[in-house]
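Positions are given from 1, in the same order as the sequence printed here. The structure presented is a predicted model; accordingly, all values stated were derived computationally and were not measured.
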Amino acid sequence: RYWSAKTQEKAAISYMLAQEAKGPQEGEALRRTAPAHPKTRAGILARLELAEKLREGGQLPGAAQEYRILLGSSAAVPMDQELAQRGLAAVLEAQGKCPEAIAIWREILGRGSLVSQEDLYLAIAGCQEKAGGPQEAAKTLEEFSQKFPRSPFLNEIYRERMERLAKPAAATPAPPGKPAK
């Protein structure tokens, strides 16, 4: 028990010092803390923060790697796992891999999000639209509006977007039938 407490304490101090660092030093401090203390709460938090900073800095492959390490960690609690999944999906979307991102977001929805489901529907619809599937995006937004009719996200902008996305599907003429012989 003593050894575990000392390990947790060292990890917490290392993470605290990493948070106090500024600029590139912060990233380097997080890079040292995360692998040095992988089974501690502070190590998990350091890796989550490092992955987020890499993603925000446009270092998508590095961010994806950090999120995948978290997803394979037995020390990560369910909330950490979901945050890592969400981050990985955002990285995949930024890389133009919308089908993979959508699969992750749908998995979270199927399991039941610990954070919020509303933003997941919006992310899925955005990715579907980006991937050239306006009808699928309209269906996702419709599903969202039915499940969360009082959502603050469901404002006029999204209602107009739903209508705009659904219109091409309604305006598309039916394919001509084969002529009778």
So does [X] pair up with [Y], basic N to acidic O under 4.0 Å?
| X | Y | value |
| --- | --- | --- |
| Glu118 | Lys147 | no |
| Arg111 | Glu107 | yes |
| Lys139 | Glu143 | no |
| Arg47 | Asp80 | no |

Between [X] (side chain) and [Y] (backbone), is there a donor-acceptor pair under 3.5 Å?
| X | Y | answer |
| --- | --- | --- |
| Thr33 | Ala29 | yes |
| Thr40 | His37 | yes |
| Glu129 | Ala138 | no |
| Gln81 | Leu70 | yes |
| Glu136 | Gln128 | no |

Requested in this report: Give the intermediate values and the outcome of side chain to side chain contact (heavy atoms under 4.5 Å, CB included) for residues Lys53 and Gln59.
Outcome: CA-CA 9 Å; Lys53 290 197 179 304; Gln59 298 176 31; over 6 Å; no
Kindly give the heavy-atom pair with the smallest separation between [X] and [Y], and that separation in Å.
| X | Y | result |
| --- | --- | --- |
| Arg86 | Ser113 | NH2-OG, 3.0 Å |
| Ala123 | Trp105 | O-CZ3, 3.6 Å |
| Gln117 | Gly112 | NE2-CA, 3.9 Å |
| Ala64 | Val91 | CB-CG1, 3.9 Å |
| Pro38 | Ile44 | O-CD1, 3.6 Å |
| Glu66 | Ala51 | CB-CB, 3.6 Å |

Are any non-hydrogen side-chain atoms of [X] and [Y] less than 4.5 angstrom apart?
| X | Y | value |
| --- | --- | --- |
| Glu26 | Glu49 | yes |
| Leu122 | Leu141 | yes |
| Ile102 | Pro99 | no |
| Leu88 | Glu100 | no |
| Arg41 | Val77 | yes |

Report task. Verify whether one side chain among Gln85 and Tyr67 offers a donor that lies under 3.5 Å from an acceptor in the other. Result -> no
**Report entry** Intermediate values then yes/no, salt bridge (charged side-chain N to carboxylate O under 4.0 Å, His left out), Arg31 and Glu28
**Finding:** CA-CA 5 Å; Arg31 273 187 229 282; Glu28 286 307 312; 3.3 Å; yes
Query - Intermediate values then yes/no, side chain to side chain contact (heavy atoms under 4.5 Å, CB included), Ile108 and Val115 - result: CA-CA 10 Å; Ile108 295 169; Val115 182; over 6 Å; no
What is the distance from atom [atom1] of [X] to atom [atom2] of [Y], rounded to the nearest 0.5 Å?
| X | Y | atom1 | atom2 | result |
| --- | --- | --- | --- | --- |
| Gln146 | Tyr121 | CD | OH | 10.0 Å |
| Leu45 | Leu30 | CG | CG | 10.5 Å |
| Leu120 | Thr140 | CG | OG1 | 11.5 Å |

Linked, directly or transitively: [X] and [Y] (ILVMFWY side chains, under 4.5 Å):
| X | Y | answer |
| --- | --- | --- |
| Ile13 | Leu48 | no |
| Tyr15 | Leu17 | no |
| Leu71 | Ile104 | yes |

Query raised in the report: Could you go step by step and tell me if Ser116 and Asp119 meet the side chain to side chain contact (heavy atoms under 4.5 Å, CB included) rule?
Result: CA-CA 7 Å; Ser116 166; Asp119 64 321; 3.4 Å; yes
Query raised in the report: Are Lys39 and Ser74 close enough, and set up right, to give a side chain to side chain contact (heavy atoms under 4.5 Å, CB included), and what steps lead you there?
Result: CA-CA 8 Å; Lys39 298 203 181 286; Ser74 61; 3.6 Å; yes
